Amino acid sequence: MFAVLLHLGTLISVFIIYWKDICELLVELVITIKDLCTGKGLRLNERPVRKLGIMIIVATIPTAIIGLLLNDFFEGLYTSLISIGVGFLITGFIMFLAEKMSSANKGIERMNFRNAVFVGLLQGVAIYPGISRSGSTLVGGLITGLKREFAVKFAFLISIPSILGSVVLELPDAIKAGTDPALMGPIAAGVVVAAISGFFAIKTMIKIVSNKKLSYFSYYVWVLGIFTVVYGVFFAK
């Protein structure tokens, strides 16, 4: 239950920062349903917000497939410090690569389905412990040529269905396991801290990406990864 509620805490931070975009997407969803019922079609080129919503759905599909097929395998790796350290090293590599490769000139108008699928695949890979979900999806956006600010926005907007999906999958087991009433205070504190830290993490990521300093974060993750692997090999029991 604690893990499920922490997921919701991080989701709160996404809603706070991107609430205008989320409201626009919800309104556009209603209009889309109306257009489909009246035979007007999707008209994606005419409605950028609608296209953004479709791209979020397209990116979520490969993530869901990977999650459903490989979730048990990846969960088994979370008990290994070595696996987590390797994940940190991979995160650093893909961020460094993205900073060198990104052309960063596409907005939603020029984004295509292949771009969305690629970002969704990287989000699915981030189920591996130590690989950052937001980092990998951001990297996917940059590699496919999305504008930096838009790549950050897309990376966090597609976290909404993936986090909600994980909550739906985990909630039955969490309810079955139950929660000690005495722990509700610490759990509530954890949710608040997750929301606050998530808010500042997103703001920091936007600043880092906009200033083209993403590779600096790679060095930090590499050091963290090496330390984790060494500790896992020589000191962990």
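Note that the structure is predicted; figures quoted are calculated from it, not measured.
Closest heavy-atom contact between L81 and T228: O-CG2, 3.2 Å. The heavy-atom pair separating G92 from V221 by the smallest distance is N-CG1, 3.9 Å. The minimum heavy-atom distance linking R50 with L42 is given by the pair NH1-O, 2.7 Å. Residue P48 comes nearest to I108 through the heavy atom pair O-CG1, 3.7 Å, listed as atom of the first residue, atom of the second, then distance.
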Worked verdict on Y128 versus V86 for side-chain contact (heavy atoms from CB on, under 4.5 Å): CA-CA 10 Å; Y128 185 97; V86 170; 4.0 Å; yes
Intermediate values then yes/no, side-chain contact (heavy atoms from CB on, under 4.5 Å), L157 and I22: CA-CA 8 Å; L157 287 178; I22 294 170; 4.2 Å; yes
Criterion side-chain contact (heavy atoms from CB on, under 4.5 Å) on I31 and D35, from CA distance to verdict: CA-CA 6 Å; I31 299 174; D35 284 350; 4.0 Å; yes
Step-by-step side-chain contact (heavy atoms from CB on, under 4.5 Å) determination, M55 to N115: CA-CA 9 Å; M55 291 300 170; N115 301 151; over 6 Å; no
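Using a distance-only test at 3.5 Å, with no hydrogens or angles considered, a donor-acceptor pair links the side chain of T91 to the main chain of G130. K51 places a side-chain N or O within donor-acceptor distance of the main-chain N or O of M111, the cut-off being under 3.5 Å. When atom types are taken as modelled, the side chain of R133 and the backbone of L122 share no donor-acceptor pair closer than 3.5 angstrom. Of the possible donor and acceptor atoms, one in the side chain of S197 sits under 3.5 Å from a partner among the backbone N and O of A194. Distance alone, capped at 3.5 Å, is enough to place a donor-acceptor pair between the K106 side chain and the T144 backbone. A side-chain donor-acceptor contact under 3.5 Å links R148 to the backbone of V209.
Shown here is F227, whose CZ atom has no more than 12 heavy atoms of other residues, nucleotides or ligands within 6.0 Å. Residue-environment remark: CZ (F93) stays at or below the threshold of 12 foreign heavy atoms within 6.0 Å. The local environment of OH in Y216 is sparse, with at most 12 non-hydrogen atoms from other residues, nucleotides or ligands closer than 6.0 Å.
Here CZ of F74 is found 10.5 Å from CG of L69. Values are rounded to the nearest 0.5 Å. Here the CG-OG distance, from L8 to S166, works out to 8.0 Å after rounding to the nearest 0.5 Å. The distance from the CG atom of D21 to the NZ atom of K153 is 4.0 Å, given to the nearest 0.5 Å. Going from atom CD1 of I131 over to atom CG of L89 covers 10.0 Å, rounded to the nearest 0.5 Å.
Not counting sequence neighbours, the partners of S215 by the side-chain contact (heavy atoms from CB on, under 4.5 Å) test are F96, E99. Under the side-chain contact (heavy atoms from CB on, under 4.5 Å) criterion, V49 pairs with E24, L25, E28, sequence neighbours left out. Judged as a side-chain contact (heavy atoms from CB on, under 4.5 Å), and not counting sequence neighbours, the contacts of F199 are S13, I16, I17, K203.
Relative orientation of the F150 and F154 rings is tilted, given thresholds of 30° and 60° on the angle between their planes.
With Q123 as the fixed residue, the side chain to side chain donor-acceptor pair (under 3.5 Å) test singles out one of T137, T60, T63: T63.
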